[in-house]
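What follows is one structure encoded as structure tokens, with my remarks underneath.
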Amino acid sequence: MSKKLDGKVALITGSGRGIGRAIALKLAADGARVVVNDLDAAPAEDVVAEIRAAGGEAVACIGSVSAPDFAERFVGTAVEHYKGLDIIVNNAGYTWDNVIQKMTDEQWYAMLDVHLTAPFRILRAALPVIRSLVKAEQESGVRNVRKVVNISSVAGLFGNAGQTNYSTAKAGITGMTMTLAKEWGRLNTTVNCVAYGFIKTRLTEVSADGNATANIEGREIKVGVNPDLMTSLERTIPLGRAGTPEEAAGSVYMFCIPEADYVSGQTLLCSGGLTGI
Ligand SMILES: NC(=O)c1ccc[n+]([C@@H]2O[C@H](COP(=O)([O-])OP(=O)(O)OC[C@H]3O[C@@H](n4cnc5c(N)ncnc54)[C@H](O)[C@@H]3O)[C@@H](O)[C@H]2O)c1
Ligand SMILES: CC(C)C1=CC=C(C(=O)O)[C@@H](O)[C@H]1O
């Protein structure tokens with residue numbers, strides 16, 4: 001039986017864990033060939049192995065999306081391995097919080113780099129490839145709608161105390177989404193965004209004392225939310241709980257399937273009904 005994403009080539013940043021991993025598995029299960037990226041090699045290779053074990057196709061492209069040469073390498077991996085590029089999901093990211101008076105320039109730029117500059121560079125690097133693929137498709141009468149899905153947050157839509165850097169970057173990606181939807185319509189490419197509320201991943205998972213850290217790009221960054229805060233946050237969500245990575249992946253999938261071919265420039269809130277924080 002044919003699948004909705006059969007043969008599509010999907011590039012997903014930060015897909016070694018959490019939401020990105022769930023997106024990679026979901027798109028691959030529906031026939032997409034996936035370029036799995038992560039900073040950390042081991043989880044990325046595990047996702048590739050999981051996709052292959054299920055009969056799908058995937059290849060890893062390890063490294064930080066913030067590295068200046070990353071975008072060309074990422075797009076090049078798709079072209080080299082699969083000779084195509086149909087879906088790009090700009091998902092990689094993390095939070096590095098502080099109130100503005102304590103926030104360093106390093107913290108500020110780290111968030112802009114990973115959530116805003118990296119998607120910009122990836123999409124800029126993808127453009128010539130997409131243009132030549134579209135030209136060939138038009139010449140042979142093939143209709144193909146490409147998809148870009150960027151990832152934002154309730155923090156980008158409504159603000160969140162302690163996240164000036166992150167919320168600014170996540171608000172910025174919604175602007176990039178609307179502008180590229182206008183620039184890339186002529187390339188038969190839709191550009192949309194999913195803004196998440198609270199999804200249970202390493203970023204938000206309950207940490208017993210609220211002091212868990214992860215090594216991200218060589219820095220020990222605080223991750224997780226303390227249990228009391230998580231309980232009170234969950235009470236504010238109309239559905240009464242945080243979402244799962246699989247539920248989060250569903251919203252990205254919705255933009256990728258043919259039923260959404262005429263939807264572009266939109267930001268979809270995937271938050272269990274939460275409409276502010
Ligand atoms: N979890 C939530 O509640 C939530 C809410 C709103 C938005 N988001 C966004 O969703 C996206 C995914 O987050 P998650 O919750 O799955 O987090 P996660 O920590 O579980 O997974 C993120 C993955 O991205 C990778 N990554 C981080 N920086 C990277 C870099 N510079 N280059 C390549 N890979 C990098 C990490 O190694 C990790 O594997 C992020 O953009 C995040 O801001 C998450
Ligand atoms: C409020 C806190 C738990 C929070 C808000 C927004 C997030 C996001 O990723 O968009 C979370 O990581 C978290 O910091």
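Order of appearance sets the numbers: ligands from 1, and atoms from 1 within every ligand. Numbering starts at 1 and runs along the sequence shown.
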For the student: nearest non-hydrogen atoms of [X] and [Y], plus distance:
| X | Y | result |
| --- | --- | --- |
| Lys26 | Ala249 | CB-CB, 4.4 Å |
| Ala78 | Val9 | CB-CG1, 4.0 Å |
| Val75 | Leu11 | CA-CD2, 4.1 Å |
| Lys170 | Gly156 | CB-CA, 3.7 Å |
| Val194 | Cys270 | CG1-CB, 3.9 Å |
| Ser271 | Ile237 | O-CG2, 3.6 Å |

If the cut-off is 4.0 Å to any non-hydrogen atom of [X], which atoms of ligand 2 fall inside it?
| X | answer |
| --- | --- |
| Val225 | 3 (C) |
| Ser153 | 8 (C), 10 (O) |
| Leu203 | 9 (O), 12 (O) |

Expected output: side-chain [X] to main-chain [Y] donor-acceptor under 3.5 Å:
| X | Y | answer |
| --- | --- | --- |
| Asn165 | Gln107 | yes |
| Asn150 | Cys193 | no |
| Lys3 | Ala29 | yes |

**Item:** Polar contact flag for Thr204 and ligand 2 (N/O pairs, less than 3.5 Å)
**Value:**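 The answer is no, given that Thr204 and ligand 2 share no N or O pair closer than 3.5 Å.
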
Can you check which of [options] brings a heavy atom nearest to [atom]?
| atom | options | answer |
| --- | --- | --- |
| atom 44 (C) of ligand 1 | Ile199, Leu203, Val47 | Leu203 |
| atom 43 (O) of ligand 1 | Tyr94, Phe74, Tyr166 | Tyr166 |
| atom 18 (P) of ligand 1 | Thr201, Val223, Asn150 | Thr201 |
| atom 31 (N) of ligand 1 | Ser64, Gly14, Ala92 | Ser64 |
| atom 11 (C) of ligand 1 | Ile23, Asp38, Asn91 | Asn91 |

Among all protein heavy atoms in this structure, tell me which lies nearest to [atom], with the distance rounded to 0.1 Å.
| atom | value |
| --- | --- |
| atom 4 (C) of ligand 1 | Gly197 O, 3.9 Å |
| atom 19 (O) of ligand 1 | Arg202 NE, 3.4 Å |
| atom 13 (C) of ligand 2 | Gln163 NE2, 3.9 Å |
| atom 22 (C) of ligand 1 | Gly93 O, 3.8 Å |
| atom 5 (C) of ligand 2 | Asn160 ND2, 3.2 Å |
| atom 9 (O) of ligand 2 | Tyr166 OH, 2.8 Å |

**Message:** Working note: Asn91 + Thr13, criterion side-chain hydrogen bond (donor to acceptor under 3.5 Å, both in side chains); need CA distance, chi angles, decisive distance, verdict.
**Reply:** CA-CA 5 Å; Asn91 164 80; Thr13 65; 5.2 Å; no

**Asked** Are Ile122 and Phe255 in one and the same hydrophobic cluster, where Ile, Leu, Val, Met, Phe, Trp and Tyr link if side-chain heavy atoms are under 4.5 Å apart?
**Response**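 Shared cluster, no.
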
**Cluster link Trp184 to Ile173, ILVMFWY, side chain under 4.5 Å** =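 Yes, Trp184 and Ile173 fall within the same hydrophobic cluster.
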
Test: [X] and [Y] ion pair at under 4.0 Å:
| X | Y | answer |
| --- | --- | --- |
| Lys8 | Asp30 | no |
| Asp86 | Arg146 | yes |
| Lys147 | Asp261 | yes |

Is the contact between [X] and ligand 2 made by the side chain, the backbone, both, or neither, using heavy atoms and a 4.0 Å cut-off?
| X | value |
| --- | --- |
| Tyr196 | neither |
| Ile277 | neither |
| Leu229 | neither |
| Leu233 | side chain |

**Request:** Decide whether Gln266 and Asn192 meet the rule of one side-chain donor and one side-chain acceptor closer than 3.5 Å.
**Result:**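 Asn192 and Gln266 do not have a side-chain donor-acceptor pair below 3.5 Å.
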
**Item:** Donor on one side chain, acceptor on other, Tyr82 and Glu57, under 3.5 Å
**Value:**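 The answer is no; no qualifying pair exists.
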
Measure [X] to ligand 1 on non-hydrogen atoms and call it side chain, backbone, both or neither using the 4.0 Å cut-off.
| X | result |
| --- | --- |
| Val65 | both |
| Asp40 | side chain |
| Ile19 | both |
| Leu39 | both |

**Asked** Ile151 near ligand 1, heavy-atom distance under 4.0 Å?
**Response**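 So Ile151 counts as touching ligand 1.
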
**Asked** Does ligand 1 have any atom sitting under 4.0 Å from a heavy atom of His115?
**Response**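 It does; at least one heavy atom falls under 4.0 Å.
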
Atoms of ligand 1 close to [X] [distance to a heavy atom under 4.0 angstrom, numbered from 1]:
| X | answer |
| --- | --- |
| Lys170 | 41 (O), 43 (O) |
| Asn37 | 33 (C), 34 (N) |
| Glu217 | 31 (N) |
| Phe198 | 3 (O) |
| Ser153 | 6 (C), 7 (C) |
| Ser152 | 6 (C), 7 (C) |
| Gly18 | 16 (O), 20 (O) |
| Gly63 | 32 (N), 33 (C) |

**Steps toward side chain to side chain contact (heavy atoms under 4.5 Å, CB included) verdict (Val252, Ile151)** = CA-CA 9 Å; Val252 170; Ile151 302 301; 3.9 Å; yes

**Request:** For the residue pair Tyr166 and His115, categorise the inter-ring angle as parallel (less than 30°), tilted (30 to 60°) or perpendicular (more than 60°).
**Result:**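 Aromatic pair Tyr166/His115 classed perpendicular.
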
